[in-house]
Trainee: 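Got a structure for you, written out below as structure tokens; questions coming shortly.
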Amino acid sequence: MKTILTWYGHATLGLNVGEHKLLIDPFFTGNPVASMSADEAKADFILVTHGHGDHIGDTIDIAKRENALIISNFEIAEWLAAQGFQTHGQQLGGGFNHPFGYLKLTLALHGSALPDGSYGGNPAGLLLTTPNGKKIYMAGDTGLFGDMQLIGNESIDLAVIPIGDNYTMGPDDALTAVKLLRPKVVVPIHYNTWPLIEQDPHAWKARVETETNTKVVVLKPGESLELNE
Ligand code: NI
Ligand code: MN
């Protein structure tokens with residue numbers, strides 16, 4: 001079973017788990033670094049970490065076209081269900097066995113207001129255990145928190161974390177995050193979308209690989225990474 005992560009720029013991710021196509025935080029329209037348009041996006045499931053516009057993004061249009069199930073926190077799930085979408089709501093610390101694996105929502109230190117000002121519940125990270133036992137942690141938008149140590153105790157194969165600073169962890173705290181998470185591989189995201197979150201991912205890679213045993217994979221928007229079997 002193949003597991004393939006694609007970064008479409010900013011915090012927009014594709015994750016193919018075997019035959020299942022997942023989109024995470026699908027922000028294409030208005031995303032200056034998006035490697036494709038929302039029209040081209042395919043999804044069986046759309047996972048939304050929090051309510052901000054650069055994460056909920058094109059969820060509505062893509063879910064409508066693709067007839068995708070939207071998975072998010074309970075408040076965002078209810079907000080979308082009221083607009084006629086198929087949703088599955090979870091809450092922080094709660095996991096559920098979906099067809100693509102066991103998905104748990106994790107703590108994220110951030111906000112989650114929806115684009116129309118509605119209350120968007122708590123922002124979340126995503127911890128996925130695939131059917132063949134791979135652990136993938138997608139931190140969402142978050143600052144550094146000590147409980148990343150507990151997430152790290154689960155033996156993370158792949159972590160996807162923000163490094164942009166200003167709205168999320170910057171490079172220094174993201175390096176500390178890697179030390180707590182101890183993943184085999186880490187992919188940095190949520191940087192270089194706008195001048196406010198400009199970072200040098202290669203300088204960060206050099207620091208992480210000097211100070212930890214984790215391998216850093218710097219993707220360009222549109223590039224993919226296949227997890228080893
Ligand atoms: Ni945000
Ligand atoms: Mn964001």
Side-chain angles (χ1 to χ4, degrees), residues 5-15 22-38 41 43 46-63 70-80 89-92 105-128 136-145 147-148 151 159-174 177 181 186-201 204 218-222:
L5 178 87
T6 304
W7 185 46
Y8 295 110
H10 193 56
T12 304
L13 299 164
L15 189 65
L22 283 63
L23 264 183
I24 297 108
D25 291 348
F27 168 51
F28 298 99
T29 306
N31 176 350
V33 296
S35 62
M36 69 178 190
S37 72
I46 300 175
L47 281 53
V48 180
T49 61
H50 65 288
H52 292 162
D54 60 320
H55 295 261
I56 199 156
D58 298 292
T59 294
I60 283 178
D61 287 345
I62 298 169
I70 304 165
I71 301 167
S72 191
N73 71 28
F74 179 78
E75 288 82 2
I76 293 173
E78 289 297 292
W79 183 78
L80 289 163
Q90 297 184 211
Q91 284 295 20
L92 301 195
L105 299 197
T106 60
L107 178 66
L109 297 181
H110 197 67
S112 184
L114 285 155
D116 68 355
S118 296
Y119 175 61
N122 289 309
L126 306 167
L127 181 60
L128 174 65
I136 303 171
Y137 171 57
M138 294 168 280
D141 280 9
T142 187
L144 177 66
F145 55 90
D147 286 0
M148 285 181 179
I151 295 169
V160 183
I161 67 172
I163 67 160
D165 220 347
N166 195 75
Y167 301 115
T168 68
M169 295 188 283
D172 292 348
D173 281 355
L181 292 167
V186 66
V187 172
I189 64 167
H190 212 280
Y191 66 92
N192 289 357
T193 318
W194 302 287
L196 196 58
I197 55 172
E198 216 164 87
Q199 300 296 341
D200 178 349
W204 187 73
V218 175
L219 297 174
K220 293 193 182 78

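Counting starts at 1 for both ligands and their atoms, in listed order.
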Trainee: Between Ser72 and Ala77, is there a donor-acceptor pair closer than 3.5 Å when you use the side chain of the first and the backbone of the second?
Mentor: no
Trainee: Just jot down the ring pair (Phe, Tyr, Trp, His ring centres under 6.0 Å) partners of Phe74, sequence neighbours excluded, or say none.
Mentor: none
Trainee: Donor-acceptor pair, distance only, cut-off 3.5 Å: does the side chain of Thr12 make one with the backbone of Asp25?
Mentor: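 Indeed, once roles are kept as given, a pair shorter than 3.5 Å links the two residues.
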Trainee: For the Ni ion (ligand 1), which protein N/O/S atoms are closer than 2.8 Å?
Mentor: His50 NE2, His52 ND1, His110 NE2, Asp141 OD2
Trainee: Look only at the side chain of Asn73 and the backbone of Pro123, and say whether a donor-acceptor pair between them is shorter than 3.5 Å.
Mentor: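 Looks like no, no N/O pair under 3.5 Å.
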Trainee: Taking only residues two or more places apart in sequence or in another chain, which ones pass salt bridge (Lys or Arg N to Asp or Glu O under 4.0 Å) with Asp61?
Mentor: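 So Asp61 forms no salt bridge (Lys or Arg N to Asp or Glu O under 4.0 Å) with any residue.
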Trainee: Could you pull out the N/O/S protein atoms under 2.8 Å of the Mn ion (ligand 2), ignoring any water?
Mentor: Asp54 OD2, His55 NE2, Asp141 OD2, His190 NE2
Trainee: Measure the shortest side-chain to side-chain distance between Trp194 and Asp54 over non-hydrogen atoms and say whether it is less than 4.5 angstrom.
Mentor: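 Of all side-chain heavy-atom pairs linking Asp54 with Trp194, at least one is under 4.5 Å.
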Trainee: With no hydrogens and no angle check, is any side-chain donor or acceptor of Asn31 less than 3.5 Å from a backbone partner on Phe27?
Mentor: yes
Trainee: Between Gly121 and Ser112, which heavy-atom pair has the shortest distance, and what is it?
Mentor: O-CB, 3.2 Å
Trainee: Can you check whether Leu13 reaches Trp7 side chain to side chain, under 4.5 Å on heavy atoms?
Mentor: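 In contact.
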